[in-house]
Number of protein chains: 2
Amino acid sequence: MDEHGTCGHHGHAHGRDGHGPARTADLVARAERLAQDLGLQFTALRRRTLEVVAEEGRPLGAYDIAERLSAPGKRVAAVSVYRALDFLTEHGLVHRIASRNAFVPCEHGHGAGESAVFLICRSCGSVDETISAEIERSLDRTLAQAGFKPASRIVEIEGECGACQGRGECGRLEPR
Amino acid sequence: MDEHGTCGHHGHAHGRDGHGPARTADLVARAERLAQDLGLQFTALRRRTLEVVAEEGRPLGAYDIAERLSAPGKRVAAVSVYRALDFLTEHGLVHRIASRNAFVPCEHGHGAGESAVFLICRSCGSVDETISAEIERSLDRTLAQAGFKPASRIVEIEGECGACQGRGECGRLEPR
DNA sequence: CGCGGATCGTTACACTGTAACAGGCAGGGT
DNA sequence: ACCCTGCCTGTTACAGTGTAACGATCCGCG
């Protein structure tokens with residue numbers, strides 16, 4: 001299908017220079033430390049799932065991941081991927097993009113309390129993860145005022161990323 | 001305000017504690033004015049769909065709506081409901097809760113630019129919609145700083161609503 | 001060795017959403 | 001009156017997303 005839009009010149013915040021191997025290695029290292037510390041199992045399937053998600057520059061569906069993990073003789077079922085993704089999201093290594101039913105690598109080593117803001121570009125399909133203390137604060141204030149005790153937060157903004165603005169339509173994925 | 005407060009019983013469809021007939025009538029009236037003004041058709045299916053969503057005190061899936069709209073001799077297919085929901089969401093009469101694949105009535109007559117914050121209670125399943133200028137502002141600031149041009153915003157907070165806190169577990173819906 | 005716990009493979013199934021085509025109904029122009 | 005057009009709805013079929021349940025395997029532990 002669509003080879004993720006060659007957004008050409010990456011002016012925006014895709015990480016230092018594309019989500020590639022560098023970030024992947026970082027994430028895997030983080031996962032290994034985490035598993036070590038907490039006595040969890042960072043199995044081959046979980047590692048490979050994390051790698052696949054980390055090396056893609058856009059959100060991947062569970063079935064896409066399953067496909068990428070499958071080899072001619074060795075099919076990986078989606079349900080296995082879901083289980084691996086459960087593990088990875090529980091420990092903050094990947095995030096689920098609710099508005100897309102898809103998953104992206106975590107680009108921050110954020111602390112448990114912090115919550116991310118996802119900027120999803122409609123043109124090139126990239127997702128950027130940012131953290132803003134200011135947004136946290138105003139959210140906290142609003143929640144406290146409403147007497148609501150938050151457990152998890154989802155903030156997803158769809159629009160056009162900096163790189164795609166004013167350049168016709170960049171990589172052009174069909175909007176979903 | 002609206003105490004979904006009598007969660008004491010079984011966390012389902014309380015009639016009038018904020019989500020009941022009163023809101024329904026308001027919403028329908030708003031829809032009729034809107035259709036009048038813009039030359040749109042507020043058909044029976046669309047009205048009934050809106051009513052069903054408005055009278056439920058929690059997010060409803062499209063198939064649930066279809067079921068409620070169906071009568072022994074007259075089945076309403078989910079696809080028709082989806083089309084009605086498209087209309088209703090496009091014009092701000094209902095909102096989609098992305099994290100639940102479900103729909104709630106719009107509790108504000110918000111202006112087009114404003115975006116809502118949804119507070120979703122894990123215990124009783126109720127959804128409260130609030131608007132905070134402060135959150136808007138901090139979001140806008142963060143987006144501007146990232147050079148990102150927003151088109152739509154999703155802010156959904158899961159947690160425990162005020163009414164459910166400290167009362168054991170309120171109405172207790174099985175978590176989804 | 002036997003037991004318990006966690007992981008993973010496999011199947012089956014439920015839920016969510018869309019594409020495509022056909023019929024009905026209203027309004028507009030001739 | 002007619003046809004034409006656009007919109008809405010019904011229907012079928014299907015794609016995509018997610019979970020339940022059962023069994024097999026592996027591993028650490030008493």
Side-chain angles (χ1 to χ4, degrees), chain A residues 1-2 31 34-36 38-50 52-53 58-91 94-104 125 173-176, chain B residues 31 34-36 38-50 52-53 58-91 94-104 125 173-176:
Chain A
M1 241 197 357
D2 35 36
L34 190 142
Q36 192 76 11
L38 302 185
L40 304 169
Q41 305 188 36
F42 188 53
T43 63
L45 178 63
R46 290 171 180 176
R47 185 174 47 69
R48 289 195 296 148
T49 301
L50 180 56
V52 166
V53 171
R58 60 184 184 120
L60 268 187
Y63 282 71
D64 295 328
I65 298 170
E67 200 177 328
R68 278 169 177 66
L69 288 180
S70 295
K74 188 72 181 159
R75 197 180 75 96
V76 174
V79 61
S80 297
V81 174
Y82 277 109
R83 290 191 283 228
L85 287 170
D86 284 345
F87 175 90
L88 297 171
T89 52
E90 255 169 44
H91 299 97
V94 313
H95 296 292
R96 180 184 152 81
I97 305 296
S99 60
R100 302 260 174 159
N101 299 324
F103 299 82
V104 295
L173 292 184
E174 70 283 47
R176 181 214 204 292
Chain B
L34 189 143
Q36 192 77 8
L38 302 185
L40 304 170
Q41 306 187 37
F42 188 52
T43 64
L45 178 64
R46 290 170 181 178
R47 184 175 47 70
R48 289 195 296 148
T49 301
L50 179 57
V52 166
V53 172
R58 61 184 183 121
L60 270 186
Y63 281 71
D64 295 328
I65 298 170
E67 200 177 326
R68 277 169 178 66
L69 289 180
S70 295
K74 188 71 180 161
R75 199 180 74 96
V76 174
V79 62
S80 297
V81 174
Y82 276 110
R83 291 190 284 227
L85 287 169
D86 284 345
F87 175 91
L88 296 171
T89 53
E90 255 169 45
H91 298 97
V94 313
H95 296 292
R96 181 186 149 82
I97 305 295
S99 60
R100 302 263 175 154
N101 299 324
F103 300 82
V104 293
L173 292 184
E174 68 284 48
R176 181 225 204 285

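Excluded from the calculations below are hydrogen atoms, water molecules and symmetry mates; all remaining heavy atoms, backbone and side chain alike, are included. Proteins get letters first, then strands, A, B, ... in listed order; numbering begins at 1 in each.
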If a protein heavy atom is under 4.0 Å from the base, mark B; if only from the sugar-phosphate, S; if neither, -; do that for nucleotides 4-11 of chain D going 5' to 3'.
---SSBBB

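- Note that CZ of A:F103 and CZ of A:R96 are 5.0 Å apart. Values are rounded to the nearest 0.5 Å.
- With rounding to whole Å, A:L69 atom CG is found 14 Å from C:dG9 atom C1'.
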Report, as a single string ordered 5' to 3', how protein heavy atoms within less than 4.0 Å touch nucleotides 23-30 of chain D: B base, S sugar-phosphate only, - not at all.
--------

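- Distance A:L85 CG to D:dT17 P: 12 Å, rounded to the nearest Å.
- Between the CZ atom in A:R68 and the OG1 atom in A:T49 there is a gap of 12.5 Å [rounded to 0.5 Å].
- Annotation: the span from A:L85 atom CG to A:L50 atom CG amounts to 9.5 Å, rounded to 0.5 Å.
- Checking the phosphate oxygens (OP1, OP2) of D:dG18, a side-chain nitrogen or oxygen of A:R96 falls inside 4.0 Å.
- Here the straight-line distance linking atom CZ of A:R100 with atom CG of A:L60 works out to 12.5 Å at 0.5 Å rounding.
- Residue A:Y63 has no polar side-chain atom (N or O) positioned under 4.0 Å from OP1 or OP2 of D:dT17.
- Legend: side chain to side chain donor-acceptor pair (under 3.5 Å) pairs involving residues 70-89 of chain B, not counting sequence neighbours: none detected.
- By the side chain to side chain donor-acceptor pair (under 3.5 Å) test, A:R47 is found to be paired with A:E51, residues two or more places apart in sequence or in another chain being considered.
- A:D86 has its CG atom 11 Å from the P atom of C:dT7, to the nearest Å.
- Close to C:dC15, at under 4.0 Å from its OP1 or OP2, lies no side-chain N or O of B:N101.
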Distances under 3.5 Å only, N/O to N/O: pair up the protein atoms with those of nucleotides 23-27 of chain C.
none

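- The separation between A:D64 atom CG and D:dG18 atom P is 11 Å, rounded to whole Å.
- Scored by the side chain to side chain contact (heavy atoms under 4.5 Å, CB included) test, A:L40 finds A:L34, A:A35, A:L38, A:F87, A:H91 as partners (sequence neighbours excluded).
- Here C:dT7 presents its P atom at 16 Å from CZ of A:R47, a figure rounded to the nearest Å.
- A straight line from CD1 of A:I97 to C1' of D:dT17 spans 16 Å, rounded to a whole angstrom.
- Between B:A66 and B:A77 the shortest heavy-atom distance is CB-C, 4.3 Å.
- Remark: C1' of D:dG18 and CG of A:L60 are 17 Å apart, rounded to the nearest angstrom.
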